[in-house]
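Just so you know, ligand 1 is whichever comes first in the structure, and atom 1 is the first atom listed for that ligand. Because only heavy atoms are used, hydrogens play no part in the values below, and waters and symmetry mates are left out as well, while side chains stay in.
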Amino acid sequence: MTVSTVGPAAATTPAAKQAAGPRQAWRRLRHQPLTLAAILTVALIVVIAVFAPVLAPYAPDDTDFSNVLSGPTAAHPLGTDDLGHDVLSQLIFAARTALLVAGGSVLVAMLIGVPFGLILGYKGGWYDRLGSRVMDLADAFPGIMIGFVVIAILGRGVWILIFAIGLIFSMNFGRMVRAITLAERKKLYVESAHVSGLRNRQIIFGQVLPNLAGPLAVQAAVFLGNAIKVEAALSFLALGLPDDQPSWGGMLRTAAEHQVDHPLMALPPGIAIVVTVLAFNLLGDGINDALSGARSTRKARKASRKAARLAASTLAEVEQARLDAEAREQVPSTRDDAPVPVASSVATREALVTTAAHPEPVLSVRGVSIVADRPDGEVVPLVSDVSLTVGRGEVLGLLGESGSGKSMLAKSILGLLPPGVRVDSGSVTLAGDELVGRDERGMRAIRGKKLGVVFQNPQANLSPVHTVGHQLVDPLRVHHGMSKAAARDRAAELLDMVGVKDAAGRLSQYPYQFSGGMAQRVAIAIALAGEPDVLILDEATSALDVTTQSQVLDLVLDLRESLGMAVVNITHDLGVAAESCDRVAILYHGELLEVNDVFSLFENPHHPYTAALLAAHPTADREVDRLPTLADFVTADGEWIVR
Ligand SMILES: Nc1ncnc2c1ncn2[C@@H]1O[C@H](COP(=O)(O)OP(=O)(O)OP(=O)(O)O)[C@@H](O)[C@H]1O
């Protein structure tokens, strides 16, 4: 079986907002007058640069030694310089140079900095520590010094200048990309990509990088402006471009030499630099606002102030209600105040047994203990000595309150335990193959192929910047070596199988164009792409409304019938367990308390904790003043009360 994952998440990251689509970003941009002005200015400068030979009245190297430093005339509207060059023509051709140097150096900076930051952020550990020190070291040198050194070694010239400025900015890109990647790599869509069996290279460049497009666009716009300033500064110092290459910095140098007699000579190149840099900076801000959804309209500001006032008063009411309730009755919270009973080991025997209806074991967990290694050396047990067997075609529910160890157990099966957490002892076999102790390469061959996973939040599990088709095609190509066309056909079949109408047409849509229930179906389709033996649902229906939840559970039950796969359904919802599971395992404080077939569990629970859970579940046919809590099932000494 293959592990695939699916689930919903709030799209609050820059990447997710950007995923709301370039069209949405453009709609926001259109409401930002300053950004529009910046776009027009940049477009104008680009047109001037491209058509410089047509627009400029003179060639850049035309000299008129009989007419130097002339001041504005009909033939030379902005005058001439000390060699008789036409200043207007120089200004126009220098725009070309400025854009070439700025564009080229930002490209070089990105080519160096982006992969560097991606690798540091994604790999972490030693890569990150070492790489971060390199960036600190680069930061310790003033950027202009790096430019001096490169030019001193390689000499002057356009391409050398581009390389020098690119080098100066590369670590800025590296730092930004590292920071975002550190956050992105923890997101569920990256975990899903892992689970689908994609290689690190495919995840870094295929999944994470497209999510950085928004922040990179903002950073690139700002650094285009910065590059123009650095180019001007170096050329002003006669260290940048060769003297025969028109540049705004070079024009400023000439103006500085003649500032006493001709003080206005500095104005044309100075204004050109200020306007261009300002336009790029405003463009960067505009893109940032458009991607983050910020709107500077008065209406939006008013709406946000009103929302803030409402939120403050609601919070105050909630806090007051909580204080009143506390004053009325000192109700102990189950987790904090109830004595924690020692788990009995009632269930272990039953957990190992498969049922007559599903006699062929496919997933066996034997005596698995999971621990966390704390930095101070303490070893904290998270899951203790859990044994479970799941039969082919069976749905086993893993039920327990928050923190009981359900996810850790599932992650130990998937080989995706977080750093600092490890399987201390025990064995997990899938169709006879041992999974504990496998290296990453060994697990990659299992995840996405033999084990499929669907997580809680479908929108968070799907990459916001790739189409649904792209995300389905990837695992099909990786695991089945299909051609692109064959994988696309199969992707449409899978979508159809999970009940997405017009499957072929919807392949080219993005996750945000799917409702929560439909996105969860897409996630299930991705999980099924490898034709897994076992599908793990990690709270896969918790975020859905009751009707959609029921539809998705029905779908899973149909699929396990038709595909003969086993399902491990992790949930804290008794209703979900009752609706979908053949057997249910109860976890509490990392210990397995009971495994029972679903009817016996509800009719005749073995363990007092299970009885406590059922008793605490509100039902329409019981009228009680107060539902029992765990504390009602435990003696003051921490012993279970058997009723
Ligand atoms: N990265 C981690 N490092 C150390 N301990 C962790 C880590 N993640 C979770 N834990 C601890 O492991 C225990 C089991 O957590 P787990 O996430 O498996 O619970 P869960 O039953 O899945 O809860 P939930 O339903 O809230 O997801 C908890 O005590 C939790 O605090």
Side-chain angles (χ1 to χ4, degrees), residues 3 5-10 124-125 182-183 185-188 190-192 194-195 333-336 338 340-343 347 351 365 368-388 396-426 428 436 451 453-458 460-461 520 535-544 549 567-577 580-581 584-595 607 609-610 612-613 616-617 630:
V3 179
T5 55
V6 189
L182 276 175
R185 74 170 181 176
K186 295 195 185 109
K187 295 208 174 144
L188 285 177
V190 174
E191 199 159 317
S192 301
H194 246 304
V195 168
S333 112
T334 301
R335 282 204 71 75
D336 297 340
V340 176
V342 180
V365 174
V368 165
S369 294
I370 301 168
V371 296
D373 293 313
R374 285 180 30 161
D376 61 7
E378 191 188 343
V379 176
V380 183
L382 303 182
V383 170
S384 307
D385 193 22
V386 167
S387 297
L388 282 170
L396 177 85
L398 208 52
L399 197 83
E401 61 191 64
S402 191
S404 57
K406 305 181 297 289
S407 297
M408 286 299 135
L409 189 59
K411 286 182 175 175
S412 71
I413 296 170
L414 293 162
L416 287 176
L417 285 171
V421 178
R422 61 184 165 84
V423 175
D424 189 40
S425 59
V428 178
V436 173
L451 277 172
V453 185
V454 179
F455 289 120
Q456 182 177 357
N457 188 332
N461 278 284
Q520 199 60 308
L535 178 68
I536 297 178
L537 304 178
D538 190 353
E539 303 275 6
T541 53
S542 304
L544 305 176
Q549 188 174 76
V567 178
V568 177
N569 190 3
I570 298 173
T571 180
H572 55 255
D573 187 329
L574 286 168
V576 168
S580 63
C581 300
V584 180
I586 306 285
L587 272 181
Y588 175 68
H589 270 265
E591 304 208 17
L592 185 65
L593 299 186
E594 168 167 5
V595 182
H607 198 281
Y609 173 74
T610 317
L613 262 190
H617 193 61
L630 191 56

query = Right, does atom 7 (C) of ligand 1 have protein non-hydrogen atoms nearer than 4.0 Å?
reply = yes
ask   = Does the side chain of V595 come within less than 4.5 Å of I586's, by heavy atoms?
value = no
key: Note, L592 side chain near L388 side chain (heavy atom, < 4.5 Å)   = yes
request  = Mind checking whether E401 contacts ligand 1 via backbone (N, CA, C, O), side chain (CB onward), both or neither, at a 4.0 Å heavy-atom cut-off?
outcome  = backbone
query = Considering only the protein, which heavy-atom contact is closest to atom 2 (C) of ligand 1, and what is its distance?
reply = V421 CG2, 3.8 Å
query = With a 4.5 Å heavy-atom cut-off, do S387 and V365 have their side chains touching?
reply = no
task = Look up atom 27 (O) of ligand 1 and tell me if a protein heavy atom lies less than 4.0 Å from it?
result = yes
remark   = heavy-atom search around atom 18 (O) of ligand 1 in the protein gives M408 N, 2.9 Å
task = Would you mind running through ligand 1 and noting each atom that sits below 4.0 Å from a heavy atom of E539?
result = 25 (O)
ask   = Which protein non-hydrogen atom lies closest to atom 25 (O) of ligand 1, naming both residue and atom, and how far is it?
value = K406 NZ, 3.0 Å
inquiry  = Can you report which non-hydrogen protein atom sits closest to atom 1 (N) of ligand 1, along with the distance?
reply    = P418 CG, 3.4 Å
query = Are Y609 and E591 close enough that a side-chain donor and a side-chain acceptor fall under 3.5 Å?
reply = no
query = For G400, is the nearest heavy atom under 4.0 Å from an atom of ligand 1?
reply = no
message = Among all the protein's non-hydrogen atoms, which is closest to atom 17 (O) of ligand 1, and how far away is it?
response = S407 CB, 3.7 Å
ask   = To which protein heavy atom is atom 11 (C) of ligand 1 closest, and what is the distance rounded to 0.1 Å?
value = L382 CD2, 3.9 Å
key: Heavy-atom side-chain contact between Q520 and T541 under 4.5 Å   = no
key: Criterion side-chain contact (heavy atoms from CB on, under 4.5 Å) on T571 and L399, from CA distance to verdict   = CA-CA 5 Å; T571 180; L399 197 83; 3.7 Å; yes
remark   = Under 4.0 Å between heavy atoms, the region of S402 that gets near ligand 1 turns out to be both
request  = Answer with yes or no whether K411 contacts ligand 1, where contact means a heavy atom under 4.0 Å from a ligand atom.
outcome  = no
ask   = Does some side-chain heavy atom of L417 sit less than 4.5 Å from a side-chain heavy atom of V423?
value = yes
task = Say whether S369 and D424, considering side chains only, have a donor N or O and an acceptor N or O under 3.5 Å apart.
result = no
ask   = Would you call R422 and S412 a side-chain contact if the rule is heavy atoms closer than 4.5 Å?
value = no
remark   = When distances are taken from atom 13 (C) of ligand 1, the protein heavy atom at minimum range is G403 O, 3.9 Å
